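As the structure is a computational prediction, the values presented were derived from the model and not from experiment. Below, read A as the first sequence line, B as the second, and so on, with proteins coming before strands; counting in each chain starts at 1.
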Protein chains: 2
Amino acid sequence: MPASSAALPTKERILGAAEELFAQHGFEGASLRQLTAAAGVNLAAVNYHFGSKDRLIEEVFRRRLDQLNGRRMAALQKIAGDPATTIEDVLEAFIAPALELSHDASGSLFMRVLARAFAEHDDTLRKFLSENYGHVMRQFTAEFARLLPNLSKEELYWRVDLVTGALTHAMSGFGMIQRKSDVPEHQHREQTAEHLIGFAAAGLKSP
Amino acid sequence: MPASSAALPTKERILGAAEELFAQHGFEGASLRQLTAAAGVNLAAVNYHFGSKDRLIEEVFRRRLDQLNGRRMAALQKIAGDPATTIEDVLEAFIAPALELSHDASGSLFMRVLARAFAEHDDTLRKFLSENYGHVMRQFTAEFARLLPNLSKEELYWRVDLVTGALTHAMSGFGMIQRKSDVPEHQHREQTAEHLIGFAAAGLKSP
DNA sequence: CGAGGAATCAAACGATCGTTTGAGCATACG
DNA sequence: CGTATGCTCAAACGATCGTTTGATTCCTCG
């Protein structure tokens, strides 16, 4: 049982603090001393529980992406191959789980961590993400290919790539995604989804 | 005159090496020792010529963005307010200078540095970029507003934001932008511009 | 030629980094 | 009760960080 205020086990308190500090200062910019101080645990606890800082970084991704991509795949399975499925449906299956994740504060921090991971061209990290979660992108791309049969493979990859960039940028909290204080949370999420889906669908379907 | 192989003055050799290493390892991840070693200059040269590492970072941005945004503004001035101007024309004015910059190897590295700057939520850096180059984004947004009179201000900001994200992502070299070896450079650049402009225009004009 | 400012150099500064150590504490089981 | 086992802790490890110093070299100009 932890002695400090929060009643969470040490491992999870580290993961929470890591998510926040990685989002703010990057993976190299956030030190284990800042991190353990913010979590209220001993400096050595990171190496004891995770082995190294790199493995901690991977664990931060694993915890969130398992949940995020699980929901994405579940939503996609429901509509994949269905003749009635539209581009907008597929985009909804991709975007809605991410917006749900952004619902609580710690989840939205993770989207910024993810945006950082894209910006870092670190090969180890990219390989880890590709190996563990690449199949999700491939499944969604395959479904887009089915719904956009007139697009060449190259053209399709281009558009999916651009959609990915737009969504990552938007959801990492740079611009418009901040909720105004007079709009309730669930309504803001629906509006955000509408903007993202409308924009991405138009780009994908571009003549 | 420098003693080493390249016939460039020390200051520019530092800027070149900084661009490359910042793109690869980030601003905190690239050390002055790596940097000066790569540039073939003494460690103290950075602080002598630039004052500090932070000022070096700003100088890396200033050098490229002055050129990039100068060309963007010049291209925009030619078409702004013209009744015959299309969305595609404005996007071309925004995108073409960036693709020209990506033409030489060092220029394309800079687009990755720029993508990193977006991912970092460092307030100092964001303030610097906003103060020095924010007027460019405002001018382009104003022109989009003229050409899309039916969009609410909020809707317009959303779409411009998403276009920015898509372009930054694409031009920082994550995905499709790599040129295949059997395609000549100028042709690749035209094709890339077509993909980007087509996608962005469709997103902006979305019903 | 000789003075003087600009530039470069090796070396060191204190601070901070990720990681390791070994003692100390707690809880569970024979 | 005694002893494992899991965990926490302060302290230290060597390495590396950005920056500063003071001497030395280079080049220009009187």
Problem - Whole-Å gap separating C1' (dT16(D)) and NZ (Lys53(B)) - result: 12 Å
Practice task
Would you classify Ala44(A) as touching base, sugar-phosphate or nothing, given that sugar-phosphate means primed atoms plus P, OP1 and OP2, and contacts are heavy atoms under 4.0 Å?
Solution key: base
Handout entry: Selected nucleotide, minimal atom distance to Ser31(B) side chain, candidates dA7(C), dT19(D), dG18(D)
Key = dG18(D)
Exercise for the section: Ignoring the backbone of Ser52(B), work out which of dT8(D), dT19(D), dG18(C) is nearest its side chain. Expected result: dT19(D)
Problem - Distance, rounded to the nearest Å, where Phe50(B) contributes CZ and dA7(C) contributes C1' - result: 14 Å
Fill in the blank from the handout: Of dT8(C), dT20(D), dT8(D), the nucleotide closest to the side chain of Asn47(B) is dT20(D)
Handout entry: Upstream residue (5' side of DNA chain D) when Arg33(B) and Val41(A) are each assigned their closest nucleotide
Key = Val41(A)
Practice task
Return the value, rounded to whole Å, for the distance between atom CD of Gln34(A) and atom P of dA15(C).
Solution key: 17 Å
Practice task
Looking only at side-chain atoms of Asn42(B), point me to the closest of dC7(D), dG18(C), dA10(C).
Solution key: dA10(C)
Exercise for the section: Write down the distance between CG (Leu35(B)) and P (dC17(D)), rounded to a whole number of angstrom. Expected result: 11 Å
Practice task
Compare the minimum distances between each of dT19(C), dT19(D), dT8(D) and the side chain of Leu32(A), then state the nucleotide with the smallest one.
Solution key: dT19(C)
Exercise for the section: Answer yes or no: does a side-chain N or O of His49(B) lie under 4.0 Å from OP1 or OP2 of dT8(C)? Expected result: yes
Practice task
For His25(A) and dC17(C), give me the distance from atom NE2 to atom P, rounded to whole Å.
Solution key: 11 Å
Exercise for the section: Working to the nearest 0.5 Å, report the span between CG of Leu204(A) and CG of Leu147(A). Expected result: 10.0 Å
Practice task
Quick one: closest heavy-atom pair of Leu196(B) and Ala170(B), and the distance?
Solution key: CD2-CB, 3.9 Å
Practice task
Take the protein atom CG of Leu56(B) and the nucleotide atom C1' of dT19(D), then report the distance between them rounded to whole Å.
Solution key: 14 Å
Problem - Lys53(B) NZ: over 12 foreign heavy atoms closer than 6.0 Å - result: yes
Exercise for the section: Look at the side chain of Leu43(A) and decide which nucleotide, out of dG18(D), dG6(D), dA12(D), has an atom nearest to it. Expected result: dA12(D)
Handout entry: Separation of atom CG in Leu8(A) from atom P in dC7(D), rounded to whole Å
Key = 16 Å
Exercise for the section: May I have the distance from Glu28(B) (atom CD) to dC17(D) (atom C1'), rounded to whole angstrom? Expected result: 11 Å
Practice task
Would you please confirm or rule out a distance under 4.0 Å between OP1 or OP2 of dA7(C) and any side-chain N or O of Thr10(B)?
Solution key: no
Exercise for the section: In plain terms, say whether Glu19(A) and Arg63(A) are close enough for a salt bridge, that is, a side-chain N and a carboxylate O under 4.0 Å apart. Expected result: yes
Handout entry: Flag if over 12 foreign heavy atoms under 6.0 Å of CZ, Arg55(A)
Key = no
